[in-house]
*Asks:* 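First, the structure itself, so that you have it in front of you.
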Amino acid sequence: MEMPSLDPEALARRPELIRALRHFLPPEHVIADQASLRAYECDGLTAYKQKPMLVALPETTQQVSQILRVCSDLGVKIVPRGAGTSLSGGALPVADGVMIGLAKFNQILEIDYHNRCAVVQSGVTNLAISEAVRSHGFYYAPDPSSQIACTIGGNVAENSGGVHCLKYGLTTHNILGLECVIPDGRVIRLGGKALDSAGYDLIGVLTGSEGLLAVITEVTVRILPKPETARAMLIGFSSSEASGNCVASIIGAGIIPAGMEMMDRPAINAAEDFVSAGYPRESEALLIVELDGPKIEVDFLISRVEKLAAEAGADTVRISNSDEEREMFWKGRKSAFPAVGRISPDYYCMDGTIPRKALPRVLSAIMGMSKKYGLSVANVFHAGDGNLHPLILFDANVPGQLERAEDFGSEILRLCVEVGGVLTGEHGVGVEKRDLMGVMFSDDDLKQQQRVKCAFDPLQLLNPGKVFPVLHRCAELGRMHIHDGKVTFPELPRF
Amino acid sequence: MKEFWPNTSAEIKTAILDALSCDRALAVCGGGSKAGLGGEVNSDWVLNTSNFTGIVDYEPNELVLTAKAGTPISEIASVLKEASQHLSFEPPDWQLFLGNEGSIQTIGGVIASNFSGPRRIATGAARDFFLGLEMVTGRGEIIKSGGKVFKNVTGYDLCKLLAGSYGTLGVLTEVSVKCQPLSQKVRTVLVLNLSEQQAVEVMSDGLNSHLSITGAAHLPEKTASKSRVNYVGQAGTSITALRIEGVEVSVIERCEKLRKRMSAFGTVEELHYHNSKKLWEEIADINYFCDNKEPVWRVSIPPYSGAAFVEAVRRELNVEVYFDWGGGLVWMKLLEHKGEKWGSEMRALARKYSAHAALVRPGNVNPKRTPFFEVEDPGIAWLNRQIKHSFDPKGILNPGKIFGALL
């Protein structure tokens, strides 16, 4: 993975930078010793490691602004980090840059039940929001698997999903307001407790921008009344095709489950070995379907899904009769990644999204690739929204296996795009899928995205080396080229 | 005067490159259903996307529809209805309100203006259902963003920038939207004779319950009297409406619970399918303010402050109002003209309530003095200019349409 070339000037300015930061940060909040820096060398994508030049741990928005101002003045790169749970290397440091850790932004500032929202600092964890409002019967809907650890600021940066996003949407559908600091140090407050605000939807473009446009310091999230009841079903099938058909017929019947997950046999068995959730080991595919809402509605829909499952040829159907049982059904799925981690020294998690109808084709192609690369694979799939997570099993200590796993993964993602899908459904591009962006986007597509980057960050100092495979200078992107050479526009001064 | 009626993206590109070469601006329009919304575009070159019609791809089980941007929304609605689906953000139809009867509302226009109906509080806005696009930028480049799947974080979400951009960033040629199943059953519980403040509290109570309310509106007596739903029009008092949708058994039970809960606040009635549907269409389409051309403000506000804001306005000005989105959307018709300075006073007052006020129908207010909407914060204004510049550096697309003097 090639990262932007080292800036010797920035490295030479390290002592100057430490002095400048300690001017307004307590000394212990500017981490400069090599041993402590090691804690920040990677995020959830552990294949890539790099120590940052320095780590700054601000406590206030004002301090974030000052850090960004100092860095822009000195031309030093900046990488923001929440809890470091990114699976795409979004928080991978750069050797010549300052990492801004937002762990100290951990306060819930306001809970407003009248307006159904909560105002929280960006380092608050996803789960902490739901816990803070639980006593009033509310929750925050997006629930990525890492919700115990991941921060809401990171969720905004990655537009995180979770198992309930088919019904309740992604982060982008659940955010009302943001406070952020743009690279030149200006603090920008967007939106608030009202649904609409004036001008271009800057909250929309910041959500999922992978920390390349601004550092998020505060988030206003929507909170929802917790559904009265939720029940889950485990439905086993003798083929993934039958299971895919069942998903299609549930959606086709106008039912939008709160969650609908699929696991294949290797994933079922890994999960069962790990948590004994009572999964049917003999099934080739397992569906977990959760319905929530008023009890009478949930009971009614459960019986309809049961019927549709039987029509699709289900081998086994189990329906939860208590919250404990429902949570047990989910426990296997939610711990699928660590469960697979137990059966293989390393695994590589992919994240493409496909139109649901392409599932049989893609799964059988993945089986073919598994033979070709000589690596096993376990599949977990957000079946409701088409987001596929093949887990490629490998051993990094065996020479060549990491490279084979990466090639295997990239072939899967190319196939996802070929069948009308996309490279990443929720984990982000980061460094991991950066060089595959050209599979999905043309040069012109990517250049326009980079112009949006330049709109926020003309010096391109924020989170460099991520998302875009080819670096262009902002001035170069700003130029216009008109056909036939009739008109050319000089570089526009405002850019 | 020059008119372009392109049939392909390449032809749009040519028109844009022509405009760039000749240093001319382009007024971008579709079926004309929102003509008059926003500032006047100062250009005699017009680019009309009406020839971009047709549904490109629709598979009900995928819950995604892709259409050319000029496809009439009526065509999309009927195709979706055949599969018992719909666009659940309830795109409002403002032809009558804006005096554009007989025009055609297109999917591109719906997206480019990002207006959503009463269900927004439950399922989201137009922008939330906008999955992917193809467009031609103000640079004359044909680009795409997003995709045809619901869950996608590959690259920046340019769709969000295009939703509500009023044709100022690029010309949309094709859009993909998420569709949702139609509800089997719809009912509306009415609570009679509440004050505006009581109504806001009651709507909040309903929305905070487990009853999954998908519409919460309040029509003061004068507004209610204009409803063509008999029961509402002839109630002789204010009406607070709460909508419940879903499968039959659930709707019946939740309605019963809601009626019980609401009976503590006032007399309770219930509307069934047809009347219910008609009422929410009237609310979405601003039917109550269609009888003349007085200025109308649309104020997006924290829902619980809706009534207090209106009370503050009433201290200064005679207005007729109604509330949607549980109080979070105030429609306000001015019944008197107090001079042009009122525009900025309205905005200042809105700011005080953390609200945003758009002048959706200027009437006799001079739109040059009081633009459609304003971005007041200098940092946000700078970012808006930067974004505009990144897509349309020469400012050739719909100049003057939004932001007043900002761009």
Side-chain angles (χ1 to χ4, degrees), chain A residues 113-115 158-159 161 169 173 186 188 192-202 204-205 208-209 225 228 248 251-252 254 256 293-294 296-297 300 353 355-357 385-387 420-426 428-429 440-441 444-445 448-449 451-452 455 480 482-483 486-487 492 494-495, chain B residues 17 20-21 60-63 84 120 124 127-128 137 139 141-145 147-157 160-161 163-165 181 204 207-210 212 246-247 249-250 253-254 300-304 325 328 354-356 373-375 379-380 383-384 386-387 389-390 393:
Chain A
Y113 293 107
H114 286 315
N115 288 306
E158 303 290 333
N159 190 15
H173 305 115
R186 274 183 284 178
I188 308 279
K193 294 178 182 178
L195 287 172
D196 282 353
S197 43
Y200 298 129
D201 185 357
L202 300 175
V205 77
S209 63
E228 191 181 285
I251 303 268
I256 303 289
I296 193 168
E297 175 174 323
F300 173 79
T353 304
R356 278 182 297 268
K357 64 178 176 197
D385 46 49
N387 189 200
V422 301
L423 293 174
T424 170
E426 58 182 352
V429 177
M440 195 167 141
F441 293 114
D444 281 352
D445 298 341
Q448 185 55 49
Q449 291 192 29
R451 288 187 192 108
V452 170
M480 289 231 280
I482 302 300
H483 65 327
K486 264 200 292 188
V487 180
L492 287 144
R494 274 200 300 170
F495 213 80
Chain B
L17 294 178
L20 285 169
S21 306
N61 287 351
E62 299 290 332
L63 300 176
S84 296
R120 160 131 204 217
R127 51 90 91 177
D128 295 317
T137 67
R139 295 170 176 272
E141 289 176 354
I142 299 169
I143 66 162
K144 64 179 176 304
S145 180
K148 296 182 178 184
V149 291
F150 171 47
K151 211 164 167 193
N152 176 15
V153 294
T154 322
Y156 296 141
D157 192 352
K160 294 292 185 294
L161 289 177
S165 67
S204 177
L207 289 166
N208 284 4
S209 73
H210 295 124
S212 303
V247 294
V249 285
S250 168
E253 189 189 86
R254 281 184 288 147
S300 169
I301 186 165
Y304 213 67
W325 297 355
S354 308
H356 154 59
F373 58 76
E374 281 179 326
V375 175
I380 299 177
L383 284 172
N384 273 275
Q386 290 281 97
I387 295 284
H389 188 72
S390 76

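Note on naming: letters A, B, ... go to the chains in the order of the sequence lines (proteins, then strands), and numbering restarts at 1 for each one. Excluded from the calculations below are hydrogen atoms, water molecules and symmetry mates; all remaining heavy atoms, backbone and side chain alike, are included.
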*Asks:* Looking at residues at least two apart in the chain, or sitting in another chain, which of them share a salt bridge (Lys or Arg N to Asp or Glu O under 4.0 Å) with Asp196(A)?
*Replies:* Arg120(B), Arg298(B)
*Asks:* Gly420(A), Gly252(A), Ala248(A): which one forms the most heavy-atom pairs within less than 4.5 Å of chain B?
*Replies:*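 With the most close heavy-atom pairs to chain B, the winner is Ala248(A).
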*Asks:* So, do Leu17(B) and Leu20(B) sit near enough that their side-chain heavy atoms are less than 4.5 Å apart?
*Replies:* yes
*Asks:* For each of Ile256(A), Val205(A), Val429(A), tally heavy-atom pairs with chain B at distances under 4.5 Å, and name the one with the top tally.
*Replies:*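 Sorted descending by pairs with chain B, the first entry is Val205(A).
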*Asks:* Heavy-atom pairs under 4.5 Å with chain B are the metric here; pick the option from Leu202(A), Asp385(A), Ile251(A) that has the most.
*Replies:*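 Most heavy-atom pairs under 4.5 Å with chain B: Asp385(A).
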*Asks:* Among Gly208(A), Gly169(A), Gly428(A), Pro294(A), which has the most heavy-atom pairs under 4.5 Å with chain B?
*Replies:*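 Between Gly208(A), Gly169(A), Gly428(A), Pro294(A), the count favours Pro294(A).
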*Asks:* Ile188(A) versus chain B, heavy atoms under 4.5 Å apart: side chain, backbone, both or neither?
*Replies:* side chain
*Asks:* Could you pull out the closest heavy-atom pair between Thr353(A) and Thr424(A), with the gap in Å?
*Replies:*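 Looking at all heavy atoms of both residues, the shortest contact is OG1-C, 4.4 Å.
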*Asks:* Pick one of side chain, backbone, both or neither for Leu207(B), based on which atoms fall under 4.5 Å of a heavy atom in chain A.
*Replies:* both
*Asks:* Among the options Met440(A), Glu297(A), Gln448(A), Lys193(A), pick out the one with the most heavy-atom pairs lying under 4.5 Å from chain B.
*Replies:*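 Heavy-atom pair counts peak at Gln448(A).
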*Asks:* So which part of Ser209(A) gets closer than 4.5 Å to some heavy atom of chain B, the side chain, the backbone, both or neither?
*Replies:*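 Interface part for Ser209(A): both.
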*Asks:* Among Ser354(B), Pro303(B), Gly379(B), which residue has the highest count of heavy-atom pairs closer than 4.5 Å to chain A?
*Replies:* Pro303(B)
*Asks:* Can you say whether Arg356(A) sits under 4.5 Å from chain B via the side chain, the backbone, both, or neither, judging by heavy atoms?
*Replies:* both
*Asks:* Between Ile301(B) and chain A, with a heavy-atom cut-off of 4.5 Å, which part of the residue counts as in contact: side chain, backbone, both or neither?
*Replies:* backbone
*Asks:* Flag the pair Lys357(A) and Glu62(B) as a salt bridge only when some basic side-chain nitrogen lies within less than 4.0 angstrom of an acidic carboxylate oxygen.
*Replies:* no
*Asks:* Is Arg451(A) salt-bridged to Glu141(B), cutoff N-O under 4.0 Å?
*Replies:* yes
*Asks:* Identify, with sequence neighbours excluded, every residue that meets salt bridge (Lys or Arg N to Asp or Glu O under 4.0 Å) alongside Lys148(B).
*Replies:* none
*Asks:* With chain A as the partner, which of Ala163(B), Gly155(B), Ser84(B) has the greatest number of non-hydrogen pairs under 4.5 Å?
*Replies:*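 Most heavy-atom pairs within the cutoff with chain A belong to Gly155(B).
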*Asks:* Counting heavy-atom pairs under 4.5 Å to chain A, which of Ile142(B), Asp157(B), Val249(B), Val153(B) comes out on top?
*Replies:* Val153(B)
*Asks:* Need one label for Asp445(A): side chain, backbone, both or neither, based on atoms under 4.5 Å from any heavy atom in chain B.
*Replies:* both
*Asks:* Restricting to non-hydrogen atoms, name the atom on Leu195(A) and the atom on Ser300(B) that form the minimum distance, rounded to 0.1 Å.
*Replies:*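 Heavy-atom minimum between the residues: N-OG, 3.6 Å.
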*Asks:* Can you tell me how the ring of Tyr304(B) sits relative to the ring of His114(A), calling it parallel under 30°, perpendicular over 60° and tilted otherwise?
*Replies:*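 It falls in the parallel class, under 30°.
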*Asks:* Quick check: closest heavy atoms across Phe373(B) and Ala198(A), and the distance to 0.1 Å?
*Replies:* CD1-CB, 3.9 Å
